[in-house]
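Data block below; observations after.
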Amino acid sequence: TTMSAQGPAGAVDALFGVRVDNRVGTDGLHFYAPATPPTIPTALLPVVNAVSGLDNYPTAVAAAGSGRSPTSVTAQQMADFYNVTPLRNNGIDGTGMTVVFPEIDRFDQNMLDDFAGKFGLPPFNVQLGNSNAGRPGKEQGEADLDLEIVHAIAPGAKEVVYYASADTVPDAEQQMYRDFPRGAIESSSLGECEAPGGQNKSDATLLADMQKPAAAAGWSIFVATGDRGAYDCANQGDFNDVQADLDASLPYVTAVG
């Protein structure tokens, strides 16, 4: 359902009626992007419903557990939150299941080892998926948290991490779905807000087109709704506009508050 193509910037501009320029954000970030959304040529409308990749602005952000707490959460508390203890008492611990994580920052194996040792859990056996979607950032605790929560609840499950950079998460997810054609469980704490005016509608269409066949093949996709509730775009504390998290609001995922 997707196709990758490359070409000179001038050819891209002419095809989609845009001008891709180098830009500098208000935060000093250098990136390239068009000034207006791309227009799909009439001849391609029957077969193309979204265009992505004309910019390299890092849209994906960690959407759960930002910041570090001075009081930690124990493995038992995580199991209690979701009423998992009755399952564990009946021998259901995730054995035979695969949980896959798209991540934009690295996990720290030493931290995972400390977590397992402190709470009497089996050792982590995290595998890296075959992702060429970009280089992740340095360890910031988000990937560690994702892996720890799943390991605390389902210590028998296989955990696989697919690294990406903040502008290439859909590429990593597409590879995940290819690598597990019979389905797996995706746990994502990444996302972007639904931009006012629908500027990132193409992002939503692209993700939904990828996820529809994955869900039909047996994937269960869980996405965090974000740290800011109904104000997902309020990075600077502006709570005048209401926006949901785009990734969590798609039709083929389960949004996790």
Legend entry - Reported NZ-to-CG distance for the pair Lys212 and Leu250, which is rounded to 0.5 angstrom: 13.5 Å
Legend entry - Residues in salt bridge (Lys or Arg N to Asp or Glu O under 4.0 Å) contact with Arg88, at least two apart in sequence or another chain: none
Legend entry - Gap between atom OG of Ser187 and atom CG of Asp146 - 0.5 Å precision: 5.5 Å
Legend entry - Minimum heavy-atom distance Val20-Asp13, with the two atoms named: N-OD1, 3.1 Å
Inset, instruction - Applying ring-ring contact (aromatic ring centres under 6.0 Å, His included) between Tyr177 and each of Trp219, Tyr252, Tyr162, report the one that passes. - result: Trp219
Legend entry - Residues, nucleotides or ligands: over 12 heavy atoms within 6.0 Å of Phe31 CZ: yes
Inset, instruction - Decide whether Glu186 and Ser220 meet the rule of one side-chain donor and one side-chain acceptor closer than 3.5 Å. - result: no
Inset, instruction - Report the distance from atom CE of Met111 to atom CG of Asp144, rounding to the nearest 0.5 Å. - result: 4.5 Å
Legend entry - Donor-acceptor contact present, side-chain Asn49 to main-chain Leu45, <3.5 Å: no
Legend entry - pair Asp247-Ser188: side-chain heavy atoms closer than 4.5 Å: no
Inset, instruction - For the residue pair Ser202 and Thr205, confirm or rule out a side-chain donor-acceptor distance under 3.5 Å. - result: no
Inset, instruction - Apply side-chain contact (heavy atoms from CB on, under 4.5 Å) to the pair Leu112 and Val126, showing each step before the final yes or no. - result: CA-CA 10 Å; Leu112 300 183; Val126 182; 4.0 Å; yes
Legend entry - Any donor-acceptor N/O pair, Asn90 side chain to Ile92 backbone, under 3.5 Å: no
Legend entry - Asp171 and Gln175 side chains, donor-acceptor separation under 3.5 Å: no
Inset, instruction - For Thr168 and Ala164, indicate whether the former's side chain and the latter's backbone hold a donor-acceptor pair under 3.5 Å. - result: no
Legend entry - Ile40/Val51 under side-chain contact (heavy atoms from CB on, under 4.5 Å): CA gap, chis, key distance, verdict: CA-CA 8 Å; Ile40 299 173; Val51 178; 4.0 Å; yes
Legend entry - Verdict with reasoning, Asp245 to Glu194, per side-chain contact (heavy atoms from CB on, under 4.5 Å): CA-CA 6 Å; Asp245 186 88; Glu194 282 188 336; over 6 Å; no
Legend entry - His151 side chain vs Ala75 backbone, donor-acceptor pair below 3.5 Å: no
Inset, instruction - Answer yes if the side chains of Tyr163 and Asp105 hold a donor-acceptor pair under 3.5 Å, and no otherwise. - result: no
